[in-house]
Every structure is written in C-alpha cells, then in structure tokens.
Amino acid sequence: MEKFVSKYITFLFVTILMLIFIFPLIWMLILSTNSRTEIYSFPPPLLPGTELVNNFQNLIAQIPFFMNLWNSVYIAVANSALILFVCSFAAYGFARFTNAPGNRWIFAMVIAAIMIPPLAGIIPWFMQMRWLGWIDTHWPLIIPAAAYPFGVFWMYQYIKQAVPNELYEACKMDGASDFRIYIQMVIPLIRPGLGALAILSFLNSWQNFQLPLIVLNSTEKFTIPLALTNLTSQFGTDVAGIMLGTSISVVPIFIAFILASRHFIEGLTSGSVKS
Amino acid sequence: MKVAKGSIVYRMKQNKMFYISVAPFLMIFLMFSLFPIVASFFLGFTKWNGVGLPEFNGIDNYIQLFKDPIFIKSIYNTIYIWFFSTLFTLGLAFILAYLVNHYIDRAKGFFRVVFLFPLLVAPALTAIMISVIFSTNAGIVNSIISLFTEGVFTYEWLRSQFWVKPLIVLIIVWRWTGYHFILYIAGLQTISKELYDAAEIDGANVFQKIMNVTLPLMTPILLVSVITATVGGIQIFDEPYVLTQGTGGINNSGVSMGMYLYQTAFEYFNFGLAAAQSFVLFLMILGITLVNARLLRNRT
C-alpha cells in the first residue's frame, strides 16, 4: 500500500512538472493563432484562436520569412553534409592507419580541441571572414564549422567498434583502393553513427544565433533565429507574429523528433558519451 | 632515391592515404580554429580598431579590463548565471531521474521525449518566448498574479535589475533539464538493484542510499554533466542578448562576458581589448573545468 501511494504521488509530481515544462510551447501555439487585441486583453486567451492566416500574412509582410527559412534549411543541410564527410573521412584515417607517423599526436590535438570554447578565437575569426570577403554571405556558417573535433572523435569510436581490422585486409586483397574501401565498406557500416552526428550538427546550425549575428547584415540573408529576434526590436511587439514564426521553425523539428526519438536522443547526448 | 624499409619516410609512403584523409579536416581546423585562437592571444596585447595594423601596447588591455567596472560586473553576472543555472538544472534533473527510475514503471520513454522538447528550440527563440511570458501587459505571469491582486498587475520583469539574471537562469533550466535527465536515467539504470537492497538491509534510508550508493557510482556522469553545463554557461550569449534586446539590461544587470566581448568588438570596435576579454574567458573555462574534474575525482 505504501509503495502504491508513493508511486502514485511521484507519478502525479512528475506529470505536473512535465506540464509546466511544455506549457511555454503550448502557449506559443495558442498565441500564434490569436489576434493582437486578444493577446493584450485581460484575461489572456487560453484557447487557440482564429487569426492564424492573418498573423501569417502580417509576418511575411514584415520580414522575408520564406527566404529566412530557406537560408536556415540550406545552411544547416550544407554544413551538416560537410561535417559528415570531413569528420568521418578523417576518422577513417585515424582509425585505420595507426602506423602512420604523426597519427598519435594529431589525434591528441583533435581530442584537446574538443574542450576549446568557440568564443576564444572569435575576433581573429571575424577578421578572417572579412579578409576573405565572406561578410554578409553564408560561407562563414558553412565552411569553418566543418572541422568539428567532436565529430571526428565520435566517428573514430564508431569506426573502431564497427569495422574490424581484418575487413580492411580482405578488401585490400580484392584490390579495392583505400578510397573505395571508405566509400563502399566503411560508410555503410557506420550509418547509425553518421545519423546521430547529422542530427547533432543540423540542430547546432539550425539554432545558431551568435555567428549569424556577427557576419550577416542584410535581412534577406538572415537565418530564422536572427530574423525573428530582429522582429522584436524593430516592430516593438508583434507577439503573435513572433510566436507564429517560432512555431513554424520548431514544429517540423518536434515532428521529426517524435518520429525518430531514439536517434535524436543518441545524437543530442552523443556529446557526453565519452568512454 | 631509395628509401630504407622501416624508416619514417617509408612508413609515410606506405600510409599515404592517412594524410589524404585527414587533410580536409586539418586544413579547415588549422585555418579557422587553431589560428584564430593563437592570433587572439597576440591581439590581446595590441590596440586595434580593425583598420590598419594593430599597435602593440603590452598588458594595457588587461590593466584596463580589470579597472573597468562593467567588465567586473560581466564576470559577476556570468558566474551568477553559470552557478545557479548549473545547480538548479542538475539538481532538478537528478531528482527527476531518481524518481522516474525508482518509482515509475510505465511511460519512461514518454517522459524522456517530452522533457527533451525545450532543447529543440533555439536559445535565442526560447529567450523570446520567456520575454513574452513575462512581458508587462500581455504576459501570462502578470495575468496569473492579477487574479490574486486588486486591479491588473503590471510588474516590469524585463526592466528589473534583479530579475534579469533569474530569468536567464530560468531559460537555461527549462532548456537543459531534459538533457541531463536523460544522462542520469542512463547512469541510474546501470546501478544494480542488489546494491540498494544491501544498503537497505544495513538500515539505510532513502537519503543515505542516495549519498552512499547512487552518487559515488554516478560520479563519472556527473562530471561530464557539470563540464557540459560549465562550458556552455560561461560562454552564454544568446539568452541575455535577446532578453535585453542587445542592451545588456538596465545598468548592465544582464550583461554576460560573451555579450560584453561582442559589444567591445562590434559596437565599440576595440578589437584588441575584445581579444583580451576572450582570452580571460578561455582561461576561466579552462580553470573551472580543471577544478571540477579534480573535485569530483577526489570524492571517489
């Protein structure tokens, strides 16, 4: 009986806490469907309203929303694709050619680099971008982040565990080149690891705010977080529009997360699973 | 030239593919990660407005920084935000994980998924959401308080010098609790039930069990979790920037080190000073991480 009661109370407690946690998200959806007057009236609206279409028209009248959405999508896809290739290819080198002079100490440098905070070199980084003529372009958000030390470490562990050494020898005997071994044998074997890294790097890029803020100047070049935060300062308080824009940028991610929660959890927590 | 078998050059030739495969990574890494950090260290000893050549001025930047009350305030704010957000996030995540692991049999997967939702929202956008929830005239928080007060309650949370930092802490706790919760659940599941049973036979209560069984076995995971929270917390930028609309709050009450660095460089164009700031930030993260690692290791 006592066990039953404590179970019941705990379940209730955790459920209430969960409701508090998802409240802001539900509140965001409610506000994005209500008109400005409804939002500012007292008591505030607690149910979905009927102004969704109207709010959306207001939103696209103020910022090039579709453009911003497209920028976010293609930058995140391009950056993630580059990370997957660069990191898994390097990891293949580290994992397979253990005899190569320099392997050990270059790998040690990669591990040490995981701990380096990105802000540490931000000033010279910005100067480089200016010198390359990359200010107000999307290159700074795609190319530099491709060298993701954690990605190399993560893929290295995956390759070590998924690809036995004998397999390389067997392929070599069959006359396959080293590059073909990477493309045709290693990549298919490490697909789950690549998936987790893809999710992690996509979200990193999708949520990035500071670097776009530093390098982008024109509204058409903005990514979604930058465009929406700019809306706050520029037009005072179009609460409905901002909430609608935020909803549009997170709802697809929520759906993807629910459909593939196992992979998302692996991807998001991969940063902490260090053996 | 004939290369002797076993020599370094021979081994390098044998492993040509190694150098090809790490080349793309190394080139991007050396150019855009390592070089800026080294350059930043040297830039910290110069005066430079971004045009022309940097001018060497010794440790002037560092002297100026530690005489600057706003810089000192940004350090205080950053440590405040880091400390309380880490404490509350990790504490709440641990309690949740313990309760779910020990008392809840069904819907564990469901809770894991739902508590992770906030992490999928960009930090800048969560800051917008919190500022809407706490806004003066349309905020649900003021509306709820209004139910209990006479007239309409219109407290200006976002203009309060006291509340800016707790609101930033709230954003971090909301976003990150689910993440640490999942880490702890995974850790707790590896602790065998027999250890708890043995402690129970010895007459240990719940808190003694947590102190003597759970925490020591969870140390490696706690370490990872503290370090993750620290590296993120010290560099915090998006949340204070968006919450204060880039101003840093009334009287700089919400300015973080990352944000002050941004202002120094991109609003005042004092790049040498900003580089010195980023170096201080770097040392702080390094220091706190090493101390954390040592403290947690000593306890086991």
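In what follows, every chain begins at residue 1, and chains take the letters A, B, ... in the order their sequences are listed.
Looking at B/Phe32 and A/Met129, their side chains come closer than 4.5 Å, going by heavy atoms from C-beta outward. Considering only heavy atoms from C-beta on, B/Met129 stays 4.5 Å or farther from A/Ile242 through its side chain.
Comparing A/Pro149, A/Ser261, A/Pro140, A/Cys87 by heavy-atom pairs within less than 4.5 Å of chain B, the highest count is held by A/Pro149. The candidate from A/Leu25, A/Ile22, A/Ile224 with the greatest count of non-hydrogen atom pairs under 4.5 Å with chain B is A/Leu25. Ranked by non-hydrogen atom pairs under 4.5 Å with chain A, the options B/Phe279, B/Phe29, B/Phe266 are led by B/Phe266. Among B/Thr177, B/Ile20, B/Val114, B/Val113, the residue with the largest count of heavy-atom pairs under 4.5 Å with chain A is B/Val113.
A 6.0 Å sphere centred on CH2 of A/Trp139 holds no more than 12 heavy atoms belonging to other residues, nucleotides or ligands. Annotation: A/Leu259, atom CG; neighbour count of heavy atoms from other residues, nucleotides and ligands within 6.0 Å is above 12. Within 6.0 Å of the CZ atom in A/Phe23, the count of heavy atoms belonging to other residues, nucleotides or ligands exceeds 12. Counting non-hydrogen atoms of other residues, nucleotides and ligands closer than 6.0 Å to CZ of A/Arg130 gives a total above 12. Heavy-atom contacts from other residues, nucleotides or ligands closer than 6.0 Å to CZ of B/Phe35 number 12 or fewer. At most 12 non-hydrogen atoms from other residues, nucleotides or ligands lie less than 6.0 angstrom from CD1 of B/Ile8.
What you find for B/Ala274 and A/Ile123 is that their closest heavy atoms are CB-CD1, 3.6 Å. Heavy-atom minimum distance, B/Leu120 versus A/Val250: O-CG1, 4.2 Å. For A/Phe89 against B/Pro24, the heavy-atom pair with the smallest separation is CD2-CG, 4.2 Å. Residues B/Leu43 and A/Pro124 approach most closely at CD2-CG, 4.3 Å, considering heavy atoms. Contact detail for B/Gly50 and A/Met127: the closest heavy-atom pair is CA-CE, 4.2 Å. Minimum interatomic distance between B/Leu125 and A/Ser249 (heavy atoms only, all atoms of both residues): CD1-OG, 3.4 Å.
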Side chain to side chain contact (heavy atoms under 4.5 Å, CB included) between A/Met109 and B/Leu26, intermediate numbers included: CA-CA 10 Å; A/Met109 186 181 74; B/Leu26 269 190; 3.8 Å; yes
Worked check of side chain to side chain contact (heavy atoms under 4.5 Å, CB included) between A/Asn99 and B/Gln14: CA-CA 9 Å; A/Asn99 277 332; B/Gln14 283 288 297; over 6 Å; no
Working for side chain to side chain contact (heavy atoms under 4.5 Å, CB included), residues B/Phe237 and A/Leu119: CA-CA 10 Å; B/Phe237 176 84; A/Leu119 262 181; 5.5 Å; no
Derivation and outcome, side chain to side chain contact (heavy atoms under 4.5 Å, CB included), residues A/Phe264 and B/Leu119: CA-CA 11 Å; A/Phe264 263 73; B/Leu119 196 64; over 6 Å; no
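A distance of 11.0 Å separates CE in A/Met28 from OG1 in B/Thr126, rounded to the nearest 0.5 Å. Atom CD1 of residue A/Ile9 and atom CG of residue B/Leu99 lie 11.5 Å apart, to the nearest 0.5 angstrom. For the atom pair CG (B/Asn15) and CG (A/Asn103), the distance works out to 8.5 Å, reported to the nearest 0.5 Å. In this structure, CD1 in A/Ile116 is found 6.0 Å from CZ in B/Phe282, a value given to the nearest 0.5 Å. Separation of atoms CG (B/Leu116) and CZ (A/Phe254) is listed at 10.0 Å; rounding is to 0.5 Å. Atom CG of A/Leu213 sits about 8.5 Å away from atom CG of B/Asp238, to the nearest 0.5 Å.
Ring centroids of A/Phe21 and B/Phe117 are separated by 6.0 Å or more, keeping the two rings apart. In summary, the aromatic rings of B/Tyr103 and A/Phe11 are positioned with their centroids too far apart to meet the 6.0 Å limit.
Classification of the B/Tyr241-A/Phe209 ring pair by plane angle, with boundaries at 30° and 60°, yields tilted.
If you run side-chain contact (heavy atoms from CB on, under 4.5 Å) between A/Trp125 and each of B/Ser40, B/Pro36, B/Ser33, only B/Pro36 comes through.
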